[in-house]
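Quick note: residue numbers are just sequence positions, from 1.
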Amino acid sequence: MATSFKDRNLIAVIGDEDSITGLLLAGVGHINEHQKKNFLVVEEGKTQVSEIESAFEEFTQRKDVAILLINQHIAEKIRPTVDKYQQAFPALLEIPSKDHPYDPSKDSVLKRVQKLFGD
């Protein structure tokens with residue numbers, strides 16, 4: 001049975017500690033019956049790129065995730081993987097962090113929109 005978009009009710013997050021903490025305090029955190037979290041805290045110098053890629057793949061394949069938020073500076077570490085992602089669900093949004101401002105020139109979604117409109 002195909003999963004409909006109505007079954008997607010979670011926001012997943014890959015981000016730094018400050019971003020994750022704020023989103024968890026807002027009520028985004030969830031642990032399912034298989035003890036899988038919907039977030040990954042990326043610690044500078046401690047979290048391996050392979051771990052970030054693995055979480056990205058897991059969150060984009062989960063059928064209960066509607067939106068995947070990722071800090072833009074973390075998305076840069078796995079940019080080829082992020083740029084290859086083309087699915088509508090979960091929607092992928094790159095967000096700024098406290099220490100790293102948003103740079104629209106690096107946003108993969110914005111690049112696709114600009115390409116679509118010929119900008």
Side-chain angles (χ1 to χ4, degrees):
M1 180 177 179
T3 303
S4 80
F5 69 90
K6 294 177 185 175
D7 297 327
R8 295 181 180 272
N9 56 9
L10 293 179
I11 296 174
V13 187
I14 300 173
D16 58 23
E17 187 175 12
D18 291 333
S19 299
I20 298 289
T21 299
L23 289 163
L24 291 178
L25 288 170
V28 169
H30 182 265
I31 299 176
N32 69 13
E33 64 275 2
H34 304 292
Q35 300 302 308
K36 294 282 190 176
K37 299 175 185 174
N38 67 329
F39 58 91
L40 172 69
V41 178
V42 177
E43 297 180 70
E44 196 66 40
K46 292 184 180 178
T47 306
Q48 300 293 319
V49 171
S50 60
E51 191 177 346
I52 299 168
E53 286 180 334
S54 175
F56 183 88
E57 292 297 329
E58 177 190 339
F59 294 151
T60 55
Q61 292 174 11
R62 282 180 54 172
K63 302 301 181 196
D64 58 348
V65 174
I67 300 170
L68 172 56
L69 302 176
I70 184 168
N71 284 131
Q72 191 175 51
H73 73 280
I74 294 169
E76 281 299 309
K77 294 179 181 186
I78 60 166
R79 180 57 62 194
T81 305
V82 171
D83 286 346
K84 277 193 301 188
Y85 182 73
Q86 300 286 320
Q87 304 301 314
F89 289 105
L92 175 63
L93 297 173
E94 295 181 28
I95 60 173
S97 68
K98 183 176 81 171
D99 298 326
H100 302 343
Y102 175 76
D103 182 356
S105 68
K106 295 179 181 177
D107 191 323
S108 61
V109 174
L110 188 57
K111 284 181 195 174
R112 272 187 253 140
V113 170
Q114 289 173 333
K115 190 176 182 180
L116 182 69
F117 289 107
D119 291 343

| query | Which residue pairs pass the ring-ring contact (aromatic ring centres under 6.0 Å, His included) test when at least one of the two sits in residues 31-55, sequence neighbours left out? | reply | none
| remark: For D83, the salt bridge (Lys or Arg N to Asp or Glu O under 4.0 Å) test, sequence neighbours excluded, returns R79
| 4.5 Å side-chain heavy-atom contact, E51 and L40 | yes
| When you measure from the side chain of T47 to the backbone N and O of E43, does any donor-acceptor pair fall under 3.5 Å? | yes
| Just checking, is any N or O donor in the side chain of N71 or S19 under 3.5 Å from an acceptor N or O on the other one? | yes
| query | Considering residues at least two apart in sequence or located in another chain, which fulfil the salt bridge (Lys or Arg N to Asp or Glu O under 4.0 Å) criterion with K84? | reply | none
| task | With sequence neighbours excluded, give me every ring-ring contact (aromatic ring centres under 6.0 Å, His included) pair touching residues 50-71. | result | F56-Y85
| task | Only counting residues at least two apart or in another chain, list the ones meeting side chain to side chain contact (heavy atoms under 4.5 Å, CB included) with L69. | result | I11, V13, L23, I67, L93, I95
| message | Test your reading of the model: is there a side-chain donor-acceptor pair from D64 to the backbone of R8, 3.5 Å cut-off? | response | no
| Of all residues at least two apart in sequence or in a different chain, which pass the ring pair (Phe, Tyr, Trp, His ring centres under 6.0 Å) check with H100? | H73
| field | Enclosure of E17 CD (heavy-atom neighbours >12, cutoff 6.0 Å) | value | no
| field | NZ-CG distance between K37 and L24, expressed to the nearest 0.5 angstrom | value | 9.5 Å
| Residues that E44 engages under side chain to side chain contact (heavy atoms under 4.5 Å, CB included), provided they are two or more places apart | K77
| request: For L25, check side chain to side chain contact (heavy atoms under 4.5 Å, CB included) against everything at least two apart and list the hits. | output: T21
| message | Tell me whether Q86 at atom CD has more than 12 heavy atoms from other residues, nucleotides or ligands lying less than 6.0 Å away. | response | yes
| task | List in chain and number order the residues that pass side chain to side chain contact (heavy atoms under 4.5 Å, CB included) with P104, two or more places apart in sequence or in another chain; answer none if no residue qualifies. | result | Y102, L110
| Who pairs with D18 by salt bridge (Lys or Arg N to Asp or Glu O under 4.0 Å), at least two apart in sequence or on another chain? | K98
| task | Taking salt bridge (Lys or Arg N to Asp or Glu O under 4.0 Å) as the test, write out the residues that go with E57, two or more places apart. | result | none
| remark: residues 26-36 vs salt bridge (Lys or Arg N to Asp or Glu O under 4.0 Å), sequence neighbours excluded, gives none
| query | Transitively linked via ILVMFWY side-chain contacts under 4.5 Å: V65 with I14? | reply | no
